[in-house]
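Beneath this line is the structure, given in C-alpha cells, with notes to follow.
The figures that follow rest on heavy atoms only: side chains count, while hydrogens, waters and symmetry mates do not. Here is how names work: the chains are called A, B, and so on, in the same order as the sequence lines, proteins then strands, and each is numbered from 1.
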Protein chains: 2
Amino acid sequence: MLERQNLRITRQRRTILKELRKDYTHPSADQIYDKVRQTIPRISLGTVYRNLEVLCRLGEIQKLKLGRTKKRFDGNSDFHYHMRCLDCNRLDDAALAPLKSIEDEAGAVTDYKVLGHRLEFVGFCPQCSIQS
Amino acid sequence: MLERQNLRITRQRRTILKELRKDYTHPSADQIYDKVRQTIPRISLGTVYRNLEVLCRLGEIQKLKLGRTKKRFDGNSDFHYHMRCLDCNRLDDAALAPLKSIEDEAGAVTDYKVLGHRLEFVGFCPQCSIQS
DNA sequence: TTTCATGCAAAAGGTTTGCAACATT
DNA sequence: AATGTTGCAAACCTTTTGCATGAAA
C-alpha cells in the first residue's frame with residue numbers, strides 16, 4: 001500500500017502508521033510524536049508532520065480539521081462522523097450512517113459543484129457530563 | 001445590543017461590526033483588519049482579534065472554524081450551513097434547513113450529551129468549476 | 001475618575017521548510 | 001549509485017497577551 005509512487009517504507013513511516021492504526025483517540029501530531037518517540041527517540045516533529053501528510057495523500061489515514069485549530073488524525077480512513085467534547089476536547093466516532101442525499105440538497109440550493117461534506121457533533125462526553 | 005455587561009462602544013468596535021454586517025464573503029481577521037484600516041489607519045490586528053472575540057461572545061457574529069486552519073467570520077449569527085470552495089477557498093451560505101433530528105440520532109449512538117453540530121459542504125464554486 | 005479598550009510589540013502555538021547527512025531501493 | 005527521507009533548526013502564519021497610554025462612561 002505504501003510502495004506505489006516512489007515512496008519508501010522507512011522505519012519512521014511504518015511506526016507512525018502503526019501507532020495511528022491502533023490508537024482510537026484521534027491523536028494530534030505532537031501526541032503521535034510522543035508515542036513514536038518511545039520507539040524512535042531521535043525522530044523529529046517535522047518528520048511526523050511530513051509522514052502524516054503523505055499518509056493522508058495515500059488515503060491511509062485522515063486529517064480532522066473541524067472545530068479547534070489543532071489538527072487531529074484518524075487511523076481509520078473510512079468515511080465517518082465524529083463527536084467532540086467541548087470540555088476536555090475528547091474525540092470519538094459517531095456511528096451514524098453517512099447522509100448521502102444531503103449533498104444533493106446542498107447542490108440544489110447553491111451554484112457549487114458539491115463534492116463532499118463534513119459533519120461534527122459537539123457536546124459533553126460521559127466524564128464531563130457528570131462534572132458539569 | 002453592545003451596551004450590556006460593561007462593554008463600551010468604541011469606534012473600533014463599531015466599525016468592525018459594521019464592516020462585518022455588510023460583508024457577505026465571510027472574511028478572515030486580517031481581511032477585516034485591512035477593511036477597517038481604511039477608516040482607522042492606526043488600528044492594530046490585536047484590537048481586531050479582541051473585538052471579534054467580544055462580538056462572538058455577544059452573539060452578534062459567528063466564528064467559522066471548519067476546514068482550513070485560518071478562521072473566518074460571519075456577520076450573520078443565525079444558525080446556517082456553509083459551502084466552501086476547495087480551490088479558491090471562497091465561502092458561501094448554504095440555504096439548507098437545519099437538520100434538527102440529527103443531533104438526537106447522534107445522541108443515540110454515542111454516550112455524549114449532544115449540544116450541537118457543525119456541517120460544512122465542500123466542492124467547487126462556479127468560477128473554479130469552469131477551470132477545473 | 002474609574003475602568004475598559006487600544007496600540008504596540010513580543011510571545012505563543014501549530015505547522016512548514018531548507019539543507020546537509022542518511023537510508024532505502 | 002540514485003533519490004527519497006530524516007533530523008535539526010529556523011521560518012512561517014495566525015492568534016494571543018502584557019503593558020503603558022488613551023478614551024468611554
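Between B:Thr47 and the phosphate of C:dA5, there is no side-chain N or O to OP1/OP2 separation shorter than 4.0 Å. Residue A:Asn51 places at least one side-chain N or O closer than 4.0 Å to OP1 or OP2 of D:dT6. Residue A:Thr10 has a polar side-chain atom (N or O) positioned under 4.0 Å from OP1 or OP2 of D:dT6. Taking side-chain N and O atoms only, A:Gln12 has no distance below 4.0 Å to OP1 or OP2 of C:dA23. Taking only side-chain nitrogens and oxygens, A:Ser44 never comes nearer than 4.0 Å to OP1 or OP2 of D:dA9.
Under a 3.5 Å cut-off, the side chain of B:Arg118 and the backbone N or O of A:Glu120 do not form any donor-acceptor pair. Judged by distance alone, with hydrogens and angles left aside, the side-chain atoms of B:Ser77 form a donor-acceptor pair with the main-chain N or O of B:Gly59 at under 3.5 Å.
Here C:dA11 presents its C1' atom at 15 Å from OH of B:Tyr49, a figure rounded to the nearest Å. The separation between A:Arg37 atom CZ and D:dG7 atom P is 12 Å, rounded to whole Å. Distance B:Asn6 CG to D:dA23 C1': 16 Å, rounded to the nearest Å. When rounded to the nearest whole Å, the span between CZ of B:Arg14 and P of D:dA24 equals 8 Å. Between the NZ atom of A:Lys70 and the P atom of D:dT16 there is a distance of 15 Å, given to the nearest Å. Computed from coordinates, the A:Ile40 CD1 to C:dC22 C1' distance equals 14 Å when rounded to whole Å. Summarising the geometry, the separation between CZ on A:Arg42 and C1' on D:dA9 is reported as 13 Å, rounded to the nearest angstrom. Rounded to an integer number of Å, the gap from OH of A:Tyr33 to P of D:dT6 is 14 Å.
Position along DNA chain D of the nearest nucleotide to A:Val48 versus B:Ala29 favours A:Val48 as the more 5'-ward residue. Comparing B:Arg11 and B:Glu53 by the nucleotide of DNA chain D that holds the closest heavy atom to each, the one mapping nearer the 5' end is B:Glu53.
Comparing D:dT17, D:dT16, D:dT3 by their nearest atom to the side chain of B:Arg50 picks out D:dT17. Considering only the side chain of A:Arg8, D:dG4 comes nearest among D:dG4, C:dG7, C:dA5. Of the candidates D:dG7, D:dA25, C:dG7, the closest approach to any side-chain atom of B:Ile9 belongs to D:dA25.
Classification of the B:Phe121-B:Tyr81 ring pair by plane angle, with boundaries at 30° and 60°, yields perpendicular.
The base of D:dT5 has none of its N or O atoms less than 3.5 Å from a complementary donor or acceptor on the side chain of A:Arg13.
Minimum heavy-atom separation, A:Ser129 to B:Lys113: OG-CB, 3.8 Å. Across all their heavy atoms, B:Thr25 and B:Arg72 have their closest contact at O-NH2, 3.2 Å.
Inspection of the B:Asp93 and B:His82 side chains reveals an N or O donor paired with an N or O acceptor under 3.5 Å.
Around the NZ atom of A:Lys63, the shell of radius 6.0 Å holds more than 12 heavy atoms that belong to other residues, nucleotides or ligands.
Among the heavy atoms of the strands lying under 4.0 Å from A:Leu45 is at least one base atom, whether or not backbone atoms are also near.
Note that the two end axes of the helix from C:dT1-D:dA25 to C:dT25-D:dA1 enclose an angle of 30°, each drawn from 5 base pairs, rounded to 10 degrees.
Note that CG of B:Leu52 and CD1 of B:Ile32 are 4.5 Å apart. Values are rounded to the nearest 0.5 Å.
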